[in-house]
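Here the structure comes first, spelled out in structure tokens, and everything after it is commentary.
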Amino acid sequence: MPLHLYNTLSRRKELFTPIDPARVTMYVCGPTVYNYVHIGNARPVVVFDTVYRLLAREYPKVIYARNITDVDDKINAAAQAGGVDISEITGKYTRIYCEEMAALNTLPPTIEPHATQHIPQMIAMIQELIAGGHAYAAEGHVLFHVPSYADYGKLSGRAREDMIAGARVEVAPYKKDPADFVLWKPSTPDLPGWDSPWGRGRPGWHIECSSMIETHLGNSIDIHGGGHDLIFPHHENELAQSTCAHGGKLYVKYWMHNGFLTMDKEKMSKSLGNIVRVHELLDQAPGEAIRWALLSAHYRQPLDWSDDTLTQAKRTLTRLYTALEQAGDVPAEAAAAPAGVVEALSDDLNTPKAMAEIASLAGALNQATGPAKAKLKGELIAAGALLGVLQRSPQDWFAAVGANKAIDSAEVERLIAARAAARAAKDFAGADRIRDQIAALGVVIEDRAGKTTWRAAE
RNA sequence: GGCCGAGUGGCAGAGUGGCCAUGCAGCGGAUUGCAAAUCCGCGUACGUCGGUUCGAUUCCGGCCUCGGCCUCCA
């Protein structure tokens, strides 16, 4: 089956046909860098990394941009609270973010544009919007005039009347229409700002993404992704301003939004304080296990996070790596990912189904003999590559699982040798006692093919 | 209030108008000195009430419960 993706705009799965097959473009909203990210923030990154892998398999050139928002009131607040320069905050957390995402086996995007490096482009776009009658300056602000775009509300499925009726925020006096949103706002001397035709100020949130997309990807792009909560107002506003700035040209062909990660069924968010940070989880499990856990539910479904989620992911990966390890006597044959896995992913990224296929593949590998074994091994690794897992040696995996435990490997080896001696002497009671000692160290041993191997227990 | 989504076996989580998801956990067996790993087998799962149908967890309608967005937010 050719690739189908669910489009938020049409509310249905659509056949994916790129605007230009020679240059497929995807943009995903990245983080505001003012603190460590939580596991919910990592979900879209892993999801769209998987989309990226799938696209790259099919198209020769895929340009994937993921931005860094490095100008924001929260950054200003963090800098002020710490008594440091803003760049210190953004630099630190950008670096940490990139490291953490890499630990989740996400490929680096083609481009990681920073908002502060696109101020002139933002100003230019705002000027075009003013010239086109879609925006106006007022009291140092520039606002997008929502009634100037007839299709406003189409993406989020909101009627104007409902929005006005539901408006809970006091409307700023300089707004011509309550729904108008900020493109540019004035800065005080102690805040970061740039000179502009409207005085010293800084950009509004939505214009950043529109501008970076225009700069790096073009007027029309294939896929725009992000979390569900970005549909309104962020993506709705982006859609309005970009479409208006480009004379009505198509802005995004496929809008994709991932569902939320919840904690006890409630949205994980910094404001609720129920967050689990990625760097904390990386102390508990390899990034690969976190990735597997994030992909274990379909991306549009909610995923409730618990300790058990991660434990199960670890166990499943251990089973898969064990299958690879047991096939260690044959080299992996160069193979393409099996059709079942590709089919599942092509159906709007059905990762749970792809995982089920991978599990059957591992089962088949465990039973295989002869040439089939090398082929299945290659297929399992190729399938894993599409999901961004199973790309290391089983030994590396077992070591990584035990990495957060202090295991004295020399002691383990000594005990294994002692047990081997006891077994050779048919002193099984003694051998079992030694095995209990080994287990007490948090180590599982396996006697296979005349050899004893060991790995860390979970 | 408006818009959107969800309710599947002990847990996680796909999917389908009639037959198997898959993984973890559990039980039984094979294998093993015993284990571990692996393999085989097992368990009357689809919120609720109606409707359509030869047949519905799957389609339609009502209801209940939960969550999200409407304000910064992945």
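No hydrogens, no waters, no symmetry mates; every other heavy atom, side chains included, goes into these values.
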Discussion item. Heavy atoms only, 4.0 Å cut-off, all strands: where does A/K74 land among base, sugar-phosphate and nothing?
Written reply: base
Worksheet entry | B/C39 OP1/OP2 closer than 4.0 Å to side-chain N/O of A/R319 | yes
Worksheet, complete the sentence: Atom CD of A/E236 and atom P of B/C72 are separated, to the nearest Å, by 14 Å
Worksheet item: Is a donor-acceptor contact shorter than 3.5 angstrom present between the side chain of A/D447 and the base of B/C34?
Response: yes
Discussion item. Looking only at the side chain of A/Q312 (C-beta and beyond, no hydrogens), which of the listed nucleotides B/C34, B/C69, B/C24 gets closest?
Written reply: B/C24
Fill in: Protein-nucleotide distance (A/N274, atom CG; B/G67, atom P), rounded to Å
12 Å
Discussion item. With rounding to the closest Å, how many angstrom separate the C1' atoms on B/G47 and B/A37?
Written reply: 40 Å
Discussion item. With a 4.0 Å limit, can you tell me whether A/Q367 has a side-chain N or O closer than that to the phosphate oxygens OP1/OP2 of B/C40?
Written reply: yes
Worksheet item: A/L261 near the nucleic acid: base, sugar-phosphate alone, or nothing, with a heavy-atom cut-off under 4.0 Å?
Response: base
Worksheet entry | Watson-Crick or G-U wobble partner of B/U16, both distances under 3.5 Å | none
Worksheet item: If you measure from the P atom in B/C40 to the same atom in B/U8, how many Å do you get, rounded?
Response: 29 Å
Discussion item. Rounded to whole Å, please give me the gap between CD1 in A/I75 and C1' in B/C72.
Written reply: 12 Å
Worksheet item: Does the distance from a Lys or Arg side-chain N to an Asp or Glu carboxylate O, for A/E236 and A/R158, drop under 4.0 Å?
Response: no
Practice prompt. May I ask you to verify whether the side chain of A/E266 and the base of B/G67 hold a donor-acceptor pair under 3.5 Å?
Written response: no
Worksheet item: Which comes earlier along RNA chain B counting from the 5' end, the contact point of A/H298 or that of A/T318, where each point is its nearest nucleotide?
Response: A/H298
Fill in: Donor-acceptor contact below 3.5 Å, side chain A/T116 vs main chain A/D70
no
Item to complete: Quick one: label A/I445 by what it contacts on the DNA or RNA (base, sugar-phosphate, nothing), any heavy atom closer than 4.0 Å.
Response: base
Worksheet item: Given atom CZ of A/R455 and atom P of B/A35, what is their separation to the nearest angstrom?
Response: 17 Å
Worksheet item: Does A/N366 make a side-chain N or O approach to OP1 or OP2 of B/U38 shorter than 4.0 Å?
Response: no
Worksheet item: When the P atoms of B/G9 and B/G15 are considered, how many whole Å apart are they?
Response: 16 Å
Item to complete: Counting Watson-Crick and G-U wobble pairs only, both distances under 3.5 Å, name the nucleotide matched with B/G41, or none.
Response: B/C27
Item to complete: Could you measure between the two P atoms, the one in B/C46 and the one in B/U53, and give it in whole Å?
Response: 24 Å
Fill in: Residue whose nearest RNA chain B nucleotide is more 5′ - A/T322 or A/Y6
A/Y6
Discussion item. Please tell me if A/K314 has a side-chain N or O lying less than 4.0 Å from either OP1 or OP2 of B/C24.
Written reply: no
Worksheet entry | Whole-Å distance separating the CD1 atom of A/I434 from the C1' atom of B/C34 | 14 Å
Worksheet item: Would you say the side chain of A/N350 and the base of B/G15 hold a donor-acceptor pair, judged only by whether the two atoms sit under 3.5 Å apart?
Response: no
Discussion item. Working note: A/R435 + A/D447, criterion salt bridge (charged side-chain N to carboxylate O under 4.0 Å, His left out); need CA distance, chi angles, decisive distance, verdict.
Written reply: CA-CA 11 Å; A/R435 186 171 56 209; A/D447 299 327; 5.1 Å; no
Worksheet item: Among the nucleotides B/C69, B/A14, B/G33, which one has an atom lying closest to any side-chain atom of A/R158?
Response: B/C69
Practice prompt. Let me know the distance between CG of A/L230 and C1' of B/C70, rounded to the nearest Å.
Written response: 14 Å
Worksheet entry | Rounded distance in Å between the C1' positions of B/G62 and B/G13 | 29 Å
Worksheet item: So what does A/K267 hit on the nucleic acid, given a heavy-atom distance under 4.0 Å: a base, only sugar-phosphate, or nothing?
Response: base
Discussion item. Is it true that A/Y254 and A/E14 share a donor-acceptor pair across their side chains at a distance under 3.5 Å?
Written reply: no
Worksheet item: Any donor-acceptor pair under 3.5 Å between the side chain of A/R315 and the base of B/G23?
Response: no
Discussion item. Less than 4.0 angstrom from a charged side-chain N to a carboxylate O is my criterion; do A/E411 and A/R414 meet it?
Written reply: yes
Discussion item. Classify A/E325 by what it touches in the nucleic acid, base, sugar-phosphate, or nothing, heavy-atom distance under 4.0 Å.
Written reply: nothing
Discussion item. Which nucleotide wins on minimum distance to the side chain of A/Q326, given the candidates B/U22, B/A37, B/C69?
Written reply: B/A37
Discussion item. Rounding to an integer number of angstrom, what distance separates B/C60 and B/G7 when you compare their P atoms?
Written reply: 14 Å
Item to complete: Pick base, sugar-phosphate or nothing for A/D308, based on heavy-atom distances below 4.0 Å to the nucleic acid.
Response: sugar-phosphate
Worksheet item: With rounding to whole Å, what would you report as the distance between B/U44 and B/C64 at their P atoms?
Response: 33 Å
Practice prompt. Scan side-chain atoms only and decide if A/S306 and A/D308 contain a donor-acceptor pair under the 3.5 Å cut-off.
Written response: no
Discussion item. Does A/G226 reach a base, just sugar-phosphate, or nothing at all? Heavy atoms under 4.0 Å.
Written reply: sugar-phosphate
Practice prompt. Pick base, sugar-phosphate or nothing for A/Q301, based on heavy-atom distances below 4.0 Å to the nucleic acid.
Written response: sugar-phosphate
Discussion item. Quiz question: by atom type and distance under 3.5 Å, do the side chains of A/W454 and A/E413 form a donor-acceptor pair?
Written reply: yes
Item to complete: Please determine if A/E357 and A/K353 form a salt bridge, counting it only when a charged side-chain N lies under 4.0 Å from a carboxylate O.
Response: no
Practice prompt. With a 3.5 angstrom cut-off on both distances, give the Watson-Crick or G-U wobble partner of B/C66, or none if there isn't one.
Written response: B/G5
Worksheet item: Under the 6.0 Å and 45° cation-pi test, does A/R66 pair with A/F48?
Response: no
Worksheet entry | Integer-rounded Å distance: B/G5 P and A/R11 CZ | 8 Å
Item to complete: May I ask you to verify whether the side chain of A/R435 and the base of B/A35 hold a donor-acceptor pair under 3.5 Å?
Response: yes
Fill in: Rounded C1' spacing from B/A14 to B/C20 in Å
13 Å
Practice prompt. Take the protein atom CD1 of A/I231 and the nucleotide atom P of B/G67, then report the distance between them rounded to whole Å.
Written response: 19 Å
